[in-house]
Amino acid sequence: MPIRLFRPALLATVALLAAGPAQAAAPSPRPQPRSTSAKHMLFRVRGPNGATVFLLGSVHLLSAESATLPPEVESAFTQAKSVGFETSIDSLQMRAQELLLRARYANGATLRGSLSPATIAHTDSLVSGYGMSLDQLNGFKPWFVSVLLTQLVLQKMNFKAELGVDMQLHAKAKAASKPEFGLESTDFQLGLFDSMSPQDQEGMLKELVAPDSAAKELKAIRDAWSSGNAAALDSLLNNGMKSSPGMFATMITNRNRSWVPKLESLIRGKDDALVVVGAGHLVGREGVVELLRAKGYTIEQL
């Protein structure tokens, strides 16, 4: 997998931090017509004791024309007694400054001093297209530079965190006074970035592309999500993972496996729940859906 396609996973935390506190009601973006036969990145599993658990793959930032939640998602939200996310959105936002502190080098280290000459030259040749200079970025670690540049592209595409699936449903849960829960701790999610090896972080900048190319990649991810095309999302986000297995394990597969016992507890319970995670976590042979199927659960895509 091109390492740059890990950026949506990294961007999730930064997007939630940037969105600000949930408003009293969820955003109401302009509707976009959908085929009545289209699937969505929404999966349903019924447990043995009466619970129905909905698994929703999220895109963390969306533009107004693609952000309307489909009726199936609205119905799942209405049915759910509680709503889960990767981590507590409220806690993550309260600790926004911690992430920015982690993003900066300490003890005199710099971006230029941490990268190979070839990567410095490659990055320097492209960042001007994003309206930045390498000197402006020199105090930040590679993972943050990669995420920041992706954010700049998304801003030009009019993608906003408050229109992302997570923030819409977080706001709706607040308005409806529905309990929320996280699958992992805020400490764990904030620490994910620095847990990446220097080699993997540098790899993100080695594969930096011009803004137009980055926009095409992000649109392809958005379009695959909008049409519920799990196979396309798997191809975009998961294929070729052997090129960076350590990073893929840290950001995706290890977390998927750690979530399964928590999801099984919900499935074996009595109350319906909606669980919202990045779409890349649900697809592929090592995705949450297949991990649960391997344990004998019947899961249908809605």
Side-chain angles (χ1 to χ4, degrees), residues 1-23 26-30 32 41 56-69 85-87 89 92-93 96 99-100 103 123 126-133 136-137 140-171 189 192-193 196 201 204-205 207-227 229 232-233 236-238 247 251-252 276-281:
M1 162 181 15
I3 293 178
R4 62 182 177 270
L5 290 183
F6 277 113
R7 289 183 199 159
L10 294 173
L11 194 61
T13 300
V14 179
L16 296 178
L17 291 171
Q23 302 300 311
S28 298
R30 186 169 70 253
Q32 181 184 46
M41 285 308 300
L56 177 61
S58 170
V59 172
H60 304 293
L61 297 92
L62 286 169
S63 56
E65 66 270 14
S66 59
T68 300
L69 298 176
F85 300 94
E86 293 180 18
T87 193
I89 294 176
L92 193 62
Q93 290 179 330
L99 187 68
L100 295 177
T123 305
L126 288 172
V127 293
S128 61
Y130 291 83
M132 303 287 291
S133 71
Q136 289 175 294
L137 302 169
F140 294 100
K141 298 173 183 177
W143 67 259
F144 185 80
V145 173
S146 180
V147 170
L148 175 63
L149 297 179
T150 303
Q151 273 196 306
L152 293 175
V153 173
L154 289 164
Q155 287 174 3
K156 290 183 179 180
M157 296 166 66
N158 292 317
F159 280 42
K160 299 179 180 179
E162 59 265 30
L163 297 181
V165 177
D166 314 73
M167 286 307 300
Q168 288 198 56
L169 289 168
H170 174 54
Q189 191 152 116
L192 270 175
F193 306 100
M196 290 186 292
Q201 290 196 47
M204 297 176 75
L205 295 183
E207 297 202 2
L208 181 66
V209 296
D212 288 349
S213 297
K216 288 179 182 177
E217 292 174 349
L218 292 164
K219 285 178 181 176
I221 293 169
R222 188 246 352 243
D223 292 345
W225 173 82
S226 293
S227 61
N229 191 334
L233 279 173
L236 286 164
L237 296 172
N238 296 343
M247 186 174 180
M251 297 303 301
I252 304 294
V276 185
V277 299
H281 289 284

Counterpart residues, side-chain contact (heavy atoms from CB on, under 4.5 Å), relative to Ser133 (two or more places apart): Asp135, Gln136
Ser146 side chain vs Pro142 backbone, donor-acceptor pair below 3.5 Å: no
Least distance between heavy atoms, Val209 atom then Ala214 atom: CG2-N, 3.6 Å
For Arg222 against Ser63, the heavy-atom pair lying closest together: NH1-OG, 4.0 Å
Backbone of Leu192 reached by a side-chain donor or acceptor of Trp143 within 3.5 Å: no
Where Ala224 and Leu236 come nearest, the two heavy atoms and their spacing: CB-CD1, 4.2 Å
Beyond-backbone contact of Phe159 with Leu218, side-chain heavy atoms, under 4.5 angstrom: no
Partner residues of Leu126 under the side-chain contact (heavy atoms from CB on, under 4.5 Å) criterion, sequence neighbours left out: His122, Leu208, Ala210
Pairing residues for Ser58 by the side chain to side chain donor-acceptor pair (under 3.5 Å) criterion, not counting sequence neighbours: Asp166
Straight-line distance of Leu61 CG to Gln151 CD, nearest 0.5 Å: 7.0 Å
Contacts of Val277 that satisfy side-chain contact (heavy atoms from CB on, under 4.5 Å) - sequence neighbours left out: Glu86, Leu183, Trp259, Val275, His281, Leu282
Set of residues satisfying salt bridge (charged side-chain N to carboxylate O under 4.0 Å, His left out) with respect to Lys141, sequence neighbours excluded: Asp194
Distance-minimising heavy-atom pair for Trp225 and Ala279: CD1-CB, 4.3 Å
Counterpart residues, side-chain contact (heavy atoms from CB on, under 4.5 Å), relative to Lys216 (two or more places apart): none
Any Leu69 side-chain heavy atom under 4.5 Å of Leu169 side chain: yes
Student check: side-chain heavy atoms of Met132 and Leu148 closer than 4.5 Å: yes
Any side-chain heavy-atom pair of Leu137 and Phe144 under 4.5 Å: no
Side-chain heavy atoms of Leu237 within contact of Ile252, under 4.5 Å: no
Separation between CZ of Phe85 and CG of Leu56, rounded to the nearest 0.5 Å: 9.0 Å
Approximate separation, where rounding is to 0.5 Å, of Met204 CE and Met196 CE: 5.0 Å
Spacing of OH belonging to Tyr130 relative to CG belonging to Leu152, to within rounding of 0.5 Å: 8.5 Å
Any donor-acceptor pair under 3.5 Å from Ser66 side chain to Leu62 backbone: no
